[in-house]
Amino acid sequence: MGVTKEQVHSTLTSKLSPIHLEVIDTSGGCGASFAVEIVSEQFEGKRLLERHRLVNGALAEEMKDIHAFSIKKALTPEQWKQQQESENSKTAA
């Protein structure tokens, strides 16, 4: 059986303590393909590749059953805040 969206969410929550996490099952329900958007303090001071390695490492067990995995965003809380403010100012204009 494939991995569930809830499993991915639970594992990332317990290992990376994100302040924002969105997990999207892009497989149509079979659990073979996911996309994530994650914001965590553990990304502070790390380059994008290091952040992706942290996410992939956290999901090492689940990755054995996942065929496609996309990290749409891996941001620090400050980057997330700036992005939210930028998006809000665009919609207000």
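Counting from 1, the numbers follow the sequence of the chain as shown.
Sorted by first and then second residue, the pairs that involve residues 49-61 and meet salt bridge (Lys or Arg N to Asp or Glu O under 4.0 Å), not counting sequence neighbours, are Glu61-Lys64.
A distance of 5.0 Å separates CG of Leu59 from CZ of Phe69, quoted to the nearest 0.5 Å. To the nearest 0.5 Å, atom CD1 of residue Ile71 and atom CG of residue Asn56 are 4.5 Å apart. For the atom pair CD1 (Ile38) and OG1 (Thr13), the distance works out to 7.5 Å, reported to the nearest 0.5 Å. Note that OG1 of Thr26 and CZ of Phe34 are 7.5 Å apart. Values are rounded to the nearest 0.5 Å. To the nearest 0.5 angstrom, Ser17 atom OG is 6.0 Å from Gln42 atom CD.
Heavy atoms from other residues, nucleotides or ligands lying under 6.0 Å from CD of Glu41 number 12 at most.
Partners of Lys73 by side-chain contact (heavy atoms from CB on, under 4.5 Å), not counting sequence neighbours, listed by chain and number: Glu37, Leu75, Gln83, Glu87. Looking at residues two or more places apart in sequence or on another chain, you find a side-chain contact (heavy atoms from CB on, under 4.5 Å) between Ser70 and Ala35, Lys72. Considering only residues two or more places apart in sequence or on other chains, His52 meets the ring-ring contact (aromatic ring centres under 6.0 Å, His included) condition with none of them. For the side chain to side chain donor-acceptor pair (under 3.5 Å) test, residues two or more places apart in sequence or in another chain that qualify with Glu78 are Gln82.
For the pair Ala74 and Gln79, the tightest heavy-atom approach, listed with the atom from each and the gap, is O-OE1, 4.4 Å. Between Thr11 and Ala58, the shortest heavy-atom contact is CG2-O, 3.2 Å. Considering every non-hydrogen atom in both Lys5 and Val23, the closest pair reads CE-O, 2.9 Å. The heavy-atom pair separating Glu62 from Val3 by the smallest distance is O-CG2, 3.6 Å.
At a threshold of 4.5 Å between side-chain heavy atoms, the hydrophobic network of Ile, Leu, Val, Met, Phe, Trp and Tyr places Met63 and Leu54 in one connected group. Cluster membership for Leu16 and Val39, using ILVMFWY side-chain heavy atoms within less than 4.5 angstrom, is not shared. A continuous path of Ile, Leu, Val, Met, Phe, Trp and Tyr side chains, each step under 4.5 Å between heavy atoms, connects Phe43 with Leu12, placing both in one hydrophobic cluster.
Contact of the Val8 side chain with the Asp25 side chain is not registered, since no non-hydrogen atoms from C-beta on lie closer than 4.5 Å.
Counting only distance, with no hydrogens or angles, the side chain of Ser10 and the backbone of Glu6 share no donor-acceptor pair below 3.5 Å.
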